Structures are given as C-alpha cells and as structure tokens.
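Atom set for the values below is all heavy atoms of this structure, side chains included, hydrogens, waters and symmetry mates excluded. In this text the structure is predicted, and so the values were computed from the model without any measurement.
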Amino acid sequence: MIRWLVVAAALAMAAPASAHTRSQSASHWTIRGDALDVRVEAAALDVTRLYADGARAPLNDTFANEVRANLIASAAGRACTPVGAPRAQTGGEGRVNATWRFSCPPGALARGPITIESRMFHDVAPSHLHFASLEGVGAARAEAVLIEARPRADLEPRVEPAAQTIWQAFSTFIPIGAAHVWGGLDHVAFILSLLLLSGGRLRAVVPAATGFTLGHTLTLGLAALNVIRPDSGTIEALIGFTIAFVALEAGGEGAARMRAWAPWIAAILCAAAGAAFFNWTNLAMLVWLGLALFVFAYPHGFPRGPNATPWLASIFGLIHGCGFAGALGELELPRQRLISALAGFNIGVELAQLTVIAAALALGWVVRRWGGACVLAWAPSLAAACLFAIGLYWFAGRALVVQF
C-alpha cells in the first residue's frame with residue numbers, strides 16, 4: 001500500500017516540488033571613477049527557472065536578459081546609465097556570471113548614497129534572495145540583502161570600527177539564517193523526516209536536532225571559509241537524497257521497508273555511477289558509488305529506527321551545512337566579518353528549526369488527541385510517503401540537471 005501512496009504523492013506534488021529551495025543570486029559592485037562595474041552571479045539551476053513555454057534559449061543569453069531587465073543603479077538620487085549590454089558566461093561549479101557597467105553623473109558616486117535595485121527571478125521565484133556588495137575606495141565596503149518586498153537598498157561604502165562591523169554582520173544574518181530555513185522547503189522536509197523517524201518523542205528529537213546542528217555547523221563553517229568548495233547543484237541533489245532516505249524508514253514498518261528497498265536503490269545508484277563514468281561531470285562516479293555502498297550497508301549492522309536518528313542526522317547534517325553555506329559565500333565578506341555573520345546565520349537556522357519542530361510536535365499532539373483510530377494508524381505512513389516522494393523527486397530532478 002505504501003508504494004501506491006508514494007506514487008500518488010509524487011504525482012500530486014510534482015509541480016510544487018520544482019520550487020525546491022530558496023534561490024539566490026549575488027552582485028558585486030565596484031566604484032571606478034564615475035562608473036560602476038558589476039559582476040552578477042547565479043546558479044545555472046536557478047537560471048533554468050527562467051525558461052518558459054518550452055523555450056530553450058542559450059543559458060548565457062537568458063541570464064544576460066534577466067540581468068538587463070531587472071538590475072538598476074543610481075547615485076545621489078540620479079540614475080546611472082547602462083553601458084552596452086551584460087556579457088554573460090558559464091562559470092565553474094554550475095554557475096553563470098555576467099559583467100556590466102553603469103555610467104553615473106559626474107561626482108554623484110562621491111556624494112552618495114548608491115542605490116541598488118534588483119528584481120531578478122521574482123517572476124519565477126518570489127522568495128528569491130539577492131546579495132549585493134559594494135566596494136569603494138580602500139577597505140570601504142557595504143552589503144545588503146534584497147528580497148521581493150524590499151528590492152532596493154541604499155549603500156554607502158565606509159570603514160567602520162571592527163567591533164561595530166562584526167556586531168552588524170552578526171545581527172543582520174540572524175533573520176537571514178531563519179529565512180533560509182523557512183523559505184527552503186527541502187530543509188523543512190528533512191527536519192520533518194527526522195521527527196517521523198524519532199517517533200515524535202521529545203527525548204529522541206532533542207539528540208537528533210543536536211546531531212543535525214553539529215553536522216551542519218561544521219560544514220557550514222568550512223564552506224563559508226572556503227576550506228571546502230562543494231558544488232551547489234550536487235549538494236541540492238544530495239539534500240533531496242537525505243530526505244527520501246530518512247523518510248523511507250520513517251512511519252510504520254520502516255525497517256522492513258528499508259531492508260526490501262535498499263538493494264534496489266543501491267543497484268540504481270550503481271547504474272548512475274556507470275553513467276557518470278562515461279559522462280564525468282559534477283556529480284561524479286565516486287559520489288554515486290559512495291551512496292550505493294551506504295544504502296546497501298545501512299540495513300546490515302548500522303543503528304536503526306529512532307536510535308539511529310542522532311547519528312544519521314549528524315551525517316546528513318554535513319550535507320545540509322554545505323547547502324546553507326551558499327547564502328554566506330555570495331557576499332564575499334572579509335574574514336573577521338564572515339565569522340560573525342556565520343555565527344548569526346547559524347543562530348537564525350537553529351531558531352527556525354526550533355519553530356518547525358515545535359509546530360510539528362503541536363500538530364502531532366492534536367492528531368493524537370482528537371484523531372480517530374484510522375488517522376492515528378495511517379498518519380505516520382502517509383506523511384512518510386509524501387516526504388519520500390518529495391525527496392525522491394528533488395533528488396532525481398536535480399541529479400539529472402547536474403549530471404546531464
């Protein structure tokens with residue numbers, strides 16, 4: 001019966017699942033006399049959102065058109081004029097970038113403020129985050145985060161005392177970290193999968209949340225500090241895998257389901273490894289083989305069920321931490337400010353996770369309190385089936401984009 005529930009959930013959620021995680025882009029502005037030079041970056045996976053009605057224009061042209069139509073600059077209240085058209089090219093690690101120049105009225109950049117407005121991707125991803133950084137003379141910098149509700153910001157590059165700058169970065173990134181969880185459906189789905197696997201018991205949920213925190217904090221820090229440089233497309237595919245894997249064992253009869261399905265899933269992953277051997281790209285053969293080995297070995301000797309939740313959350317938290325790090329890396333903050341931003345972002349993530357856990361536990365209490373016997377019997381399996389379908393859809397869709 002669970003297989004039919006999975007199929008039905010996958011069909012029902014195929015459309016909304018495309019809005020997988022909060023998309024983001026970045027612009028890096030530099031003052032050069034009376035001109036503003038800008039480099040705009042986005043993930044190639046996000047740029048494909050712009051394809052409409054089956055149109056498949058070149059990726060670089062699509063991104064250049066989006067930049068030209070939705071990026072505006074002005075200085076001291078006077079508009080800056082674009083010079084030519086944006087020049088876009090595909091970069092490494094699944095990125096697309098474009099360079100452009102704006103000519104501003106004489107002396108306007110020195111008088112300030114410099115206003116940056118971005119409405120990029122808002123038509124296809126209303127929750128889109130745009131990180132804008134402005135570099136002035138010497139060490140003067142300014143940053144802003146633009147969203148659909150606040151698409152413009154006034155930037156005045158300046159050099160501030162270190163303590164004040166660090167505190168500003170810390171306090172600014174707390175809400176950004178929280179918004180990254182609330183706006184990222186995949187991170188919420190993973191937390192819910194962990195709750196199901198823990199049986200909704202608080203004494204099992206707390207160690208799981210702690211393990212997830214330790215895991216994602218480690219890789220979040222390493223990735224934000226450029227110690228490791230994970231590919232964003234690969235990480236998004238692996239996040240979908242973590243959701244599907246945990247949900248497969250959550251709900252009723254999860255252990256038996258895992259034993260039955262694990263060999264088949266491992267075989268599919270081995271086939272994907274073979275395809276990667278002939279088409280060596282970002283999601284490489286060793287990643288597929290590693291996943292296949294883990295899935296095959298998991299039912300034989302690893303901790304299982306609720307007891308497995310903390311260590312499984314820790315391992316998969318390493319993957320999610322790399323996903324969180326993209327929001328910080330876009331700004332290219334100086335090292336001392338990056339540390340404080342990292343701390344604030346992490347606290348925001350934790351606060352958002354707590355709200356998701358609290359809401360889910362409250363809903364579970366309502367179901368146990370007033371749900372009938374039929375609801376109580378089917379609710380865990382139905383929720384696990386839906387989460388498995390979502391995770392599988394995200395994993396397959398993102399892996400195909402990265403692989404091919």
Side-chain angles (χ1 to χ4, degrees), residues 2-23 45 180-198 208 211-212 215-216 230 232-255 257-258 260-262 264-269 272 283 287-288 290-292 294-296 298-299 305 308-309 312-324 353 356-357 360 379-403:
I2 191 70
R3 291 174 173 80
W4 292 108
L5 290 173
V6 168
V7 173
L11 293 174
M13 298 180 184
S18 61
H20 48 84
T21 188
R22 182 183 288 269
S23 67
L45 191 62
H180 201 72
V181 172
W182 289 327
L185 298 180
D186 43 11
H187 299 302
V188 173
F190 180 73
I191 294 170
L192 295 178
S193 297
L194 287 177
L195 285 171
L196 281 176
L197 185 58
S198 66
F212 185 62
H216 77 65
S232 59
T234 299
I235 292 300
E236 287 195 357
L238 293 179
I239 287 174
F241 173 82
T242 64
I243 298 167
F245 187 85
V246 175
L248 183 62
E249 191 168 13
E253 300 180 354
R257 190 162 56 244
M258 181 65 73
W261 287 35
W264 297 101
I265 297 174
I268 293 173
L269 292 173
L283 194 58
V287 176
W288 290 108
L291 288 177
F294 176 78
V295 171
F296 183 79
Y298 179 74
T309 308
L312 196 60
S314 301
I315 293 175
F316 287 165
L318 298 173
I319 297 173
H320 284 253
C322 294
F324 289 138
Q353 287 179 181
V356 172
I357 292 172
S381 294
L382 180 60
C386 292
L387 289 169
F388 174 78
I390 294 172
L392 181 63
Y393 179 84
W394 281 331
F395 173 62
R398 297 173 189 179
L400 288 173
V401 169
V402 174
Q403 185 71 30

For the pair W394 and I239, evaluate side chain to side chain contact (heavy atoms under 4.5 Å, CB included) and give the outcome as yes or no after the intermediate values.
-> CA-CA 8 Å; W394 281 331; I239 287 174; over 6 Å; no
When rounded to the nearest 0.5 Å, the distance separating CG of L248 from CH2 of W261 is 6.0 Å
Rounding to 0.5 Å, atoms CG (L387) and CG (L382) come to a distance of 9.5 Å
In short, A384 meets L196 closest at the heavy-atom pair N-CD1, 3.6 Å
d(T242 OG1, I319 CD1) to nearest 0.5 Å is 6.0 Å
Separation between CG (L195) and CZ (F190), nearest 0.5 Å, reads 10.5 Å
Heavy-atom nearest pair, F395 first then G240, reads CB-C, 3.8 Å
task = For the residue pair Q353 and H216, establish whether any side-chain heavy-atom pair is separated by less than 4.5 Å.
result = yes
Do the ring planes of F294 and Y298 sit parallel (below 30°), tilted (30 to 60°) or perpendicular (above 60°)?
tilted
Those residues at least two apart in sequence (or on a different chain) that pass side chain to side chain contact (heavy atoms under 4.5 Å, CB included) with L318 are L218, T219
message = Can you confirm if the aromatic rings of F316 and H320 lie within a centre distance of less than 6.0 Å?
response = no
On a heavy-atom basis, the closest approach of A244 and G391 is CB-C, 3.8 Å
Interatomic distance, OG@S193 vs CZ@F388, rounded to 0.5 Å, equals 11.0 Å
Shortest non-hydrogen pair, A208 vs A313, comes out as O-CB, 3.4 Å
Between the CG atom in L238 and the CG atom in L291, the distance rounded to the nearest 0.5 Å is 6.0 Å
